[in-house]
2 protein chains.
Amino acid sequence: MEKQTVTIYDVAREAGVSMATVSRVVNGNPNVKPSTRKKVFAVIDELNYRPNAVARGLASKKTTTVGVLIPDVTNLYYSALARGIDDIATMYKYNIILANSDENEQKEVKVLNTLLAKQVDGVIYMGTKITDELRDEFERSRTPVVLAGTVDPQKELASVNIDYGKALKQSVDLLVKNGNKNIAFVYKSDEENVNDALRLAAYREALEENGLTYNEDYVIQEANSYKNGQAVYDRLANLDATAAVFSDDELAVGFLNVAINNGLKVPEDFEIVTSNNSKLAKLSRPELSTVVQPLYDIGAVAMRLLTKLMNKEDDISDKHVVLPYHIDNKGTTK
Amino acid sequence: MEKQTVTIYDVAREAGVSMATVSRVVNGNPNVKPSTRKKVFAVIDELNYRPNAVARGLASKKTTTVGVLIPDVTNLYYSALARGIDDIATMYKYNIILANSDENEQKEVKVLNTLLAKQVDGVIYMGTKITDELRDEFERSRTPVVLAGTVDPQKELASVNIDYGKALKQSVDLLVKNGNKNIAFVYKSDEENVNDALRLAAYREALEENGLTYNEDYVIQEANSYKNGQAVYDRLANLDATAAVFSDDELAVGFLNVAINNGLKVPEDFEIVTSNNSKLAKLSRPELSTVVQPLYDIGAVAMRLLTKLMNKEDDISDKHVVLPYHIDNKGTTK
DNA sequence: CTGAAAGCGCTAACAA
DNA sequence: TTGTTAGCGCTTTCAG
């Protein structure tokens with residue numbers, strides 16, 4: 001025999017009250033006489049009643065779930081954000097539908113559409129670039145959106161970030177202060193990455209402010225994979241660079257390991273600053289000097305901001321949150 | 001003006017057909033005349049109609065979403081599984097609600113209940129131990145469940161794993177073959193971890209089969225954190241151990257780094273084998289010798305198995321999948 | 001091949 | 001404080 005699902009109606013009948021009253025009890029509505037509330041709870045317990053969130057969602061037009069677009073959960077940068085998002089979501093009684101997008105535009109649009117079809121109350125986007133198509137979808141659906149760890153150049157969408165450009169500039173400044181003249185900038189080969197575009201611009205600016213000339217040979221793009229450390233090393237070995245700033249920790253560790261294998265002394269012969277302070281930065285030997293981003297907080301604040309948007313709170317001071325960071329001078333800088 | 005949502009009814013009216021027909025078209029039911037199908041699609045396009053999955057879920061009692069319980073997304077072991085899960089889920093048109101449990105029993109039960117309230121079609125559980133309370137919930141809800149990377153000692157619940165005990169035994173065998181007599185076993189301090197219990201038993205057995213005596217001083221429990229590498233080192237330094245098997249990569253890297261800082265030569269003076277082959281194993285220097293688990297596949301196969309269960313397919317050959325593994329003799333073994 | 005109609009389980013006015 | 005009654009938007013028999 002198929003197990004019969006217990007509905008609000010069963011509880012009402014059994015408790016001798018109306019559905020509405022049961023609904024009130026379940027939803028914590030104070031307008032219920034304590035004695036009937038007690039009785040209802042007893043029946044709920046007895047029947048093992050569990051409210052059907054789908055039915056509730058249809059009736060109330062709220063699902064208490066938010067969609068989260070993430071490039072890749074196995075990426076330590078994004079998983080740290082995701083953790084912050086989920087914790088705050090849980091705190092506010094939301095669940096998250098997590099979907100990997102691989103930074104693929106087609107996939108992002110497709111996933112967003114199924115999230116919207118599922119009537120999520122809000123969306124958190126992590127990625128490299130908001131395409132126009134995505135932006136259009138965001139606008140058409142009246143669903144609140146917050147970007148986490150992702151900059152919107154058009155300043156339209158709510159977002160939580162650090163000042164990536166400024167952080168990179170300071171990284172370069174540090175390397176210049178340490179006496180380096182030839183400083184490379186290494187980033188993922190994804191040309192559409194807005195954060196990296198900001199970093200690249202800042203890199204150039206920082207060089208010029210320090211009286212150094214920008215040379216595009218020193219700008220290196222590689223696929224974001226540990227393996228590519230070798231490729232980066234080969235490129236750098238042909239230059240007379242003495243330092244490099246990496247936008248990606250995994251790439252930085254990959255390079256570091258290869259460099260050391262090749263007898264390069266870090267930081268004596270070569271200095272490195274990386275940008276994300278993911279777990280990897282701590283695990284490498286020597287420990288990577290890095291921009292310390294508040295990764296968990298970026299996610300957490302983004303989710304908090306989203307709750308405000310979903311609640312239509314109007315005291316939202318700023319939709320473009322910029323969190324603080326600092327540079328940690330560890331083992332790969334003098 | 002609040003944007004009006006377009007419903008199936010609007011499409012029906014506009015296309016001059018009934019809701020039922022629109023529903024058939026949307027769901028790919030073949031019993032629709034091509035010409036009317038075409039017309040309906042045209043209207044859908046024109047009106048920008050998007051089926052409401054919540055309503056659909058209520059009517060059909062299927063949500064095409066599965067719940068995923070994960071201890072912590074930022075843990076590379078679990079995030080690798082999660083990635084496999086999501087990819088296969090996407091392939092079969094499911095979405096995943098991901099919830100971090102921190103291996104906390106209370107939280108697991110609570111989360112499971114909200115997942116069930118949301119009418120997920122299935123659940124994937126990752127964790128350290130199925131408590132009785134959790135098992136009861138699984139049974140009462142008639143929702144299919146698959147354990148990923150988690151052993152059910154009672155062999156009731158469907159699961160996907162490797163043979164953790166056998167892998168550990170082989171690790172010990174390798175270390176013995178390399179001449180080590182005093183081999184430690186280091187694992188997370190969580191006493192409830194079933195996988196580690198299997199490993200511990202196998203550790204003991206392996207020693208005995210190799211004619212070595214088991215000594216509990218060589219069994220070390222530490223919280224699973226990179227920082228604890230120092231604590232592990234201090235404990236091991238007081239023993240005359242020449243090798244250790246770690247159940248956790250992060251702990252292994254932590255120890256390795258501390259050991260090297262203290263002038264220990266690895267693998268000459270001390271050999272290490274770790275168990276998960278997470279990204280970390282590749283990034284450490286020297287590279288960790290490790291049991292190579294097919295992490296992504298464990299997740300992927302678990303999700304595939306779950307789809308079969310949700311479909312009530314009865315040709316499920318085995319609910320307890322055991323995937324192959326091998327040991328990779330890298331830089332921390334001779 | 002198509003339509004009518006009865007729910008799915010719950011919320012939210014509106015009355016009382 | 002409680003009950004009545006419409007829906008929410010869709011699927012799914014059952015007829016035809």
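Here is how names work: the chains are called A, B, and so on, in the same order as the sequence lines, proteins then strands, and each is numbered from 1.
The salt bridge (Lys or Arg N to Asp or Glu O under 4.0 Å) test applied to A/Glu103 returns A/Lys188, not counting sequence neighbours. With sequence neighbours left out, A/Met310 forms a side chain to side chain contact (heavy atoms under 4.5 Å, CB included) with A/Val66, A/Tyr94, A/Asp121, A/Pro144, A/Met303, A/Leu306, A/Thr307. For A/Asp10, the salt bridge (Lys or Arg N to Asp or Glu O under 4.0 Å) test picks out A/Arg13, with sequence neighbours left out. A/Glu156 meets the salt bridge (Lys or Arg N to Asp or Glu O under 4.0 Å) test with A/Arg135; sequence neighbours excluded. With sequence neighbours excluded, no residue forms a side chain to side chain contact (heavy atoms under 4.5 Å, CB included) with A/Ala59.
Between B/Lys129 and B/Glu192 there is a salt bridge, since at least one side-chain N of the basic residue sits less than 4.0 Å from a carboxylate O of the acidic one.
When the C1' atoms of four end pairs are superposed on the next four at each end of the helix from C/dC1-D/dG16 to C/dA16-D/dT1, using five pairs per end, the two resulting axes differ in direction by 30°, to 10°.
The backbone N or O of B/Leu134 sits less than 3.5 Å from a side-chain atom of B/Thr131, completing a donor-acceptor pair. Formation of a donor-acceptor pair under 3.5 Å by the A/Thr90 side chain with backbone atoms of A/Ile88 is not found in this model. Distance alone, capped at 3.5 Å, places no donor-acceptor pair between the B/Ser159 side chain and the B/Val151 backbone. In this structure a side-chain-to-backbone donor-acceptor pair under 3.5 Å is missing from B/His320 to B/Val160.
Atom NZ of B/Lys319 has 12 or fewer heavy atoms from other residues, nucleotides or ligands within 6.0 Å. Under a cut-off of 6.0 angstrom, the local environment of CD in B/Gln106 is sparse, with at most 12 non-hydrogen atoms contributed by other residues, nucleotides or ligands.
Of the residues in residues 9-18 of chain A, none lies under 4.0 Å from DNA chain C by heavy-atom distance. A heavy atom closer than 4.0 Å to some atom of DNA chain C occurs in no member of residues 28-46 of chain A.
The CD atom of B/Glu108 sits 4.5 Å away from atom OG of B/Ser101, with the distance rounded to the nearest 0.5 Å.
Nucleotides of DNA chain D lying under 4.0 Å from heavy atoms of chain B occupy a range whose first and last members, 5' to 3', are D/dG9 to D/dT12.
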For a quick test of your reading: what N or O donor-acceptor pairs under 3.5 Å do the side chains of residues 47-56 of chain A make, sequence neighbours left out?
{"unit_1": "A/Arg50", "atom_1": "NH2", "unit_2": "B/Asn113", "atom_2": "OD1", "d": "2.7"}
{"unit_1": "A/Arg50", "atom_1": "NH2", "unit_2": "B/Glu137", "atom_2": "OE1", "d": "3.3"}
{"unit_1": "A/Asn52", "atom_1": "OD1", "unit_2": "A/Val54", "atom_2": "N", "d": "2.7"}
{"unit_1": "A/Asn52", "atom_1": "OD1", "unit_2": "A/Ala55", "atom_2": "N", "d": "3.0"}
{"unit_1": "A/Arg56", "atom_1": "NH1", "unit_2": "A/Asn27", "atom_2": "OD1", "d": "3.2"}

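Pairs engaging residues 67-95 of chain A under the salt bridge (charged side-chain N to carboxylate O under 4.0 Å, His left out) rule: A/Asp72-B/Arg83, A/Arg83-A/Asp87, A/Arg83-B/Asp72, A/Arg83-B/Asp102 [sequence neighbours left out].
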Letter per nucleotide, 5' to 3', of nucleotides 11-16 of chain C [B base touched, S only sugar-phosphate touched, - untouched; heavy atoms, 4.0 Å]:
BBB---

